[in-house]
2 protein chains.
Amino acid sequence: MESAHVIRALGALAQEHRLATFRLLVQAGPEGMAAGAIAESLGVPPSSMSFHLAQLANAGLITSLRQSRSIIYTADYAAMNALMGYLTTNCCAGVPCTAEASCPPQPTITIPTITKDVA
Amino acid sequence: MESAHVIRALGALAQEHRLATFRLLVQAGPEGMAAGAIAESLGVPPSSMSFHLAQLANAGLITSLRQSRSIIYTADYAAMNALMGYLTTNCCAGVPCTAEASCPPQPTITIPTITKDVA
DNA sequence: GTCATAATTCCATAATAATCGAATCATAGG
DNA sequence: CCTATGATTCGATTATTATGGAATTATGAC
């Protein structure tokens with residue numbers, strides 16, 4: 001995975017609707033979701049949704065498959081993992097972070113949202 | 001780390017010069033690098049470099065410290081790890097689907113909020 | 001204070017990205 | 001063929017981001 005590709009992937013995720021879309025698709029699992037269902041779920045108009053889905057697909061983060069009249073989008077876990085791999089290898093763990101300044105084993109984060117929207 | 005913050009971090013890294021800058025700073029380690037040295041190293045004019053450094057700093061990915069006439073920038077490993085943590089927890093590993101794997105109906109991630117500011 | 005250096009801010013410009021209604025394309029069912 | 005539905009493309013508009021020269025601020029040495 002070269003940097004141009006990584007930049008496209010990062011840029012694809014660096015947008016409110018697209019990050020939400022990707023997360024939704026990850027939760028949807030291998031079944032995926034139809035474009036319209038995603039749009040409705042996120043409250044984004046169809047034409048805007050298409051634009052964002054195209055961006056994500058172009059970045060290789062999601063794949064599409066027509067199924068009758070619907071087009072089903074699915075998160076590409078492998079692509080996500082490749083991105084993570086690039087970031088950890090080249091941006092973080094790949095460097096011998098000396099001593100205490102090194103990458104701590106436990107990311108101290110604040111996670112406010114509990115994601116479960118089966119409703 | 002809430003999604004707005006994540007989006008800023010992703011957006012900060014989703015740019016050629018900034019990704020290169022961040023990687024350079026990671027390699028530089030805790031010593032960091034002066035703004036001018038980074039600019040020269042990447043072949044970016046000073047004013048543009050300042051702009052990009054500000055973006056990265058604003059996203060919390062790097063920190064700055066004046067040292068005599070230079071301003072030394074350092075990669076914030078913790079912030080990077082927090083970003084990774086968010087992505088793995090909420091976008092990837094949170095749903096145990098690696099590749100084609102089965103997605104057990106258990107997407108509920110009940111994470112006890114460990115509040116720790118990453119500024 | 002003056003000069004030199006390091007970096008930033010200012011500002012105008014150019015380039016890219018986001019939005020969304022309307023038109024179009026693709027498929028399915030009668 | 002005709003109609004309905006799901007989705008995309010088109011096109012015009014707005015918003016955001018990137019660029020880099022010139023002016024400015026901050027520090028250090030004399």
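No experiment lies behind these values; they were computed from the predicted model shown. In what follows, every chain begins at residue 1, and chains take the letters A, B, ... in the order their sequences are listed.
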Remember a base hit wins even if backbone is also touched, and classify [X] as base, sugar-phosphate or nothing at under 4.0 Å, heavy atoms.
| X | answer |
| --- | --- |
| A:A34 | sugar-phosphate |
| A:S70 | sugar-phosphate |
| A:P46 | base |

Give the rounded distance in Å between these two atoms: [atom1] of [X] and [atom2] of [N].
| X | N | atom1 | atom2 | answer |
| --- | --- | --- | --- | --- |
| A:L53 | D:dT9 | CG | C1' | 14 Å |
| A:H17 | D:dT16 | NE2 | C1' | 14 Å |
| A:R69 | C:dG30 | CZ | C1' | 12 Å |
| B:Q55 | D:dT16 | CD | P | 13 Å |
| B:E40 | D:dG20 | CD | C1' | 17 Å |
| B:I62 | C:dA7 | CD1 | P | 13 Å |
| B:M49 | C:dC10 | CE | C1' | 19 Å |
| A:Q67 | D:dA7 | CD | C1' | 14 Å |

### Message
With a 4.0 Å limit, can you tell me whether A:Y73 has a side-chain N or O closer than that to the phosphate oxygens OP1/OP2 of D:dT8?
### Response
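For D:dT8, OP1 or OP2 has a side-chain N or O of A:Y73 closer than 4.0 Å.
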- Message: Between B:S48 and D:dT19, is there a contact of a side-chain N or O with OP1 or OP2 at under 4.0 Å?
- Response: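 No, because none of the side-chain N or O atoms of B:S48 sits under 4.0 Å from OP1 or OP2 of D:dT19.
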A:F51 side chain: which of C:dA17, D:dG20, D:dA18 is closest?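 Closest nucleotide among those given: C:dA17.
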* Given D:dT5, C:dT19, D:dT19, which nucleotide is nearest the side-chain atoms of A:H52? ->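 Side chain of A:H52 sits closest to C:dT19.
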How bent is the helix from C:dG1-D:dC30 to C:dG30-D:dC1, measuring the angle between the end axes built from five pairs each, rounded to 10°?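 Here the helix ends are tilted 20° relative to one another.
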Value rounded to 0.5 Å, distance of [atom1] in [X] from [atom2] in [Y]:
| X | Y | atom1 | atom2 | value |
| --- | --- | --- | --- | --- |
| A:I62 | A:R18 | CD1 | CZ | 10.5 Å |
| A:F22 | A:L13 | CZ | CG | 6.0 Å |
| A:M84 | B:L87 | CE | CG | 5.5 Å |
| A:I72 | A:R66 | CD1 | CZ | 10.0 Å |
| B:L24 | B:S41 | CG | OG | 4.5 Å |

Passing candidate, side chain to side chain contact (heavy atoms under 4.5 Å, CB included) with A:L61, options A:L25, A:T21, A:L56:
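Between A:L61 and the candidates, side chain to side chain contact (heavy atoms under 4.5 Å, CB included) is satisfied uniquely by A:L56.
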Select from A:R66 and B:Q15 the residue whose nearest nucleotide in DNA chain D is closer to the 5' end of that strand.
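Its nucleotide being nearer the 5' end, the pick is A:R66.
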- Between B:E16 and A:I71, who's closer to the 5' end of DNA chain D by nearest nucleotide?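 The residue closer to the strand's 5' end, by nearest nucleotide, is A:I71.
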**Q.** A:V44 vs A:I38, side-chain contact (heavy atoms from CB on, under 4.5 Å): CA-CA, chis, key distance, verdict
**A.** CA-CA 8 Å; A:V44 174; A:I38 302 170; over 6 Å; no
query = Any donor-acceptor pair under 3.5 Å joining the side chain of B:S47 to the base of D:dG21?
reply =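 Per atom types, the contact qualifies.
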| request: Test for a donor-acceptor pair under 3.5 Å between the base of D:dG28 and the side chain of B:S68, counting only N and O atoms. | output: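 Between D:dG28 and B:S68, which were checked side chain against base, a qualifying N/O pair under 3.5 Å is absent.
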Do the side chains of B:M80 and A:L19 join up, straight or via other hydrophobic residues, at under 4.5 Å, putting them in one cluster?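 Shared cluster, yes.
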